[in-house]
Amino acid sequence: MTAEDRLQIGCVRWFRFQYPQLSKMLFAVANQRKTQSLIEGSRMKMIGVTSGVSDLILLTPRNGYGSLCIELKDGKRGRQSPSQHEWELAALSNGNKYVICRNVDEFMKEVTAYLESK
């Protein structure tokens with residue numbers, strides 16, 4: 001288990017405890033999986049796996065945004081890949097909010113601010 005996995009687990013646990021009524025609206029996108037073969041990679045692409053998609057998506061509209069896209073990075077070391085930055089720009093240009101969180105406190109702050117905005 002990576003540090004980013006542990007961060008994501010902590011974020012999801014907090015969210016589900018804090019916002020049980022919205023628990024199904026926060027979900028992970030399993031696009032980090034390394035494929036075993038070119039055939040599997042091709043199949044994953046055909047079924048819609050998209051490189052760069054944020055780690056978590058909160059599918060709840062607020063304050064003119066369609067959703068909150070959350071990229072989790074381990075501390076100060078983690079950086080967006082080119083495909084993640086490209087996906088961020090696409091998400092923003094299509095009416096979504098996009099944030100990068102490096103710890104659970106940042107996640108709590110961003111999610112709370114997003115959900116409390118009118």
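Not measured: the values here are computed from a predicted model.
For the side chain to side chain contact (heavy atoms under 4.5 Å, CB included) test, residues two or more places apart in sequence or in another chain that qualify with S23 are R16. Under the rule for a side chain to side chain donor-acceptor pair (under 3.5 Å), the partners of S83 that lie at least two apart in sequence or sit in another chain are S51, S81. Remark: Y19 pairs with W14, F15 by the ring pair (Phe, Tyr, Trp, His ring centres under 6.0 Å) rule, at least two apart or across chains. Every residue was checked against the side chain to side chain donor-acceptor pair (under 3.5 Å) condition with Y65, not counting sequence neighbours, and none meets it. In terms of the side chain to side chain donor-acceptor pair (under 3.5 Å) criterion, Q18 has no residue partners (sequence neighbours excluded). L7 meets the side chain to side chain contact (heavy atoms under 4.5 Å, CB included) test with C11, L72, V104; sequence neighbours excluded. Partners of N103 according to the side chain to side chain donor-acceptor pair (under 3.5 Å) rule, which considers only residues two or more places apart in sequence or in another chain, do not exist here. Among residues two or more places apart in sequence or in another chain, the side chain to side chain contact (heavy atoms under 4.5 Å, CB included) test is passed with M1 by D5, R6, I9. Legend: residues meeting side chain to side chain contact (heavy atoms under 4.5 Å, CB included) with E110, ordered by chain and number and at least two apart, are K97, V99, C101.
L59 is listed as a side-chain neighbour of S67, based on a closest heavy-atom distance under 4.5 Å. Put simply, the side chain of E88 reaches to within 4.5 Å of the side chain of Q80, judged on heavy atoms.
Members clustered with L89: none, using a 4.5 Å side-chain heavy-atom cutoff among hydrophobic residues.
Looking only at distances, a side-chain donor or acceptor of S93 sits under 3.5 Å from a matching main-chain atom of A90.
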As a quick check of understanding, evaluate side chain to side chain contact (heavy atoms under 4.5 Å, CB included) for L68 and L115, giving each step before the final call. CA-CA 9 Å; L68 175 62; L115 290 174; over 6 Å; no
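Between N96 and L92, the shortest heavy-atom contact is O-CD2, 3.4 Å. Considering every non-hydrogen atom in both S54 and E71, the closest pair reads CA-OE1, 3.3 Å. Of all heavy-atom pairs between Y114 and G66, the closest is OH-C, 4.1 Å.
Atom CZ of residue F107 and atom CG of residue L26 lie 5.0 Å apart, to the nearest 0.5 angstrom.
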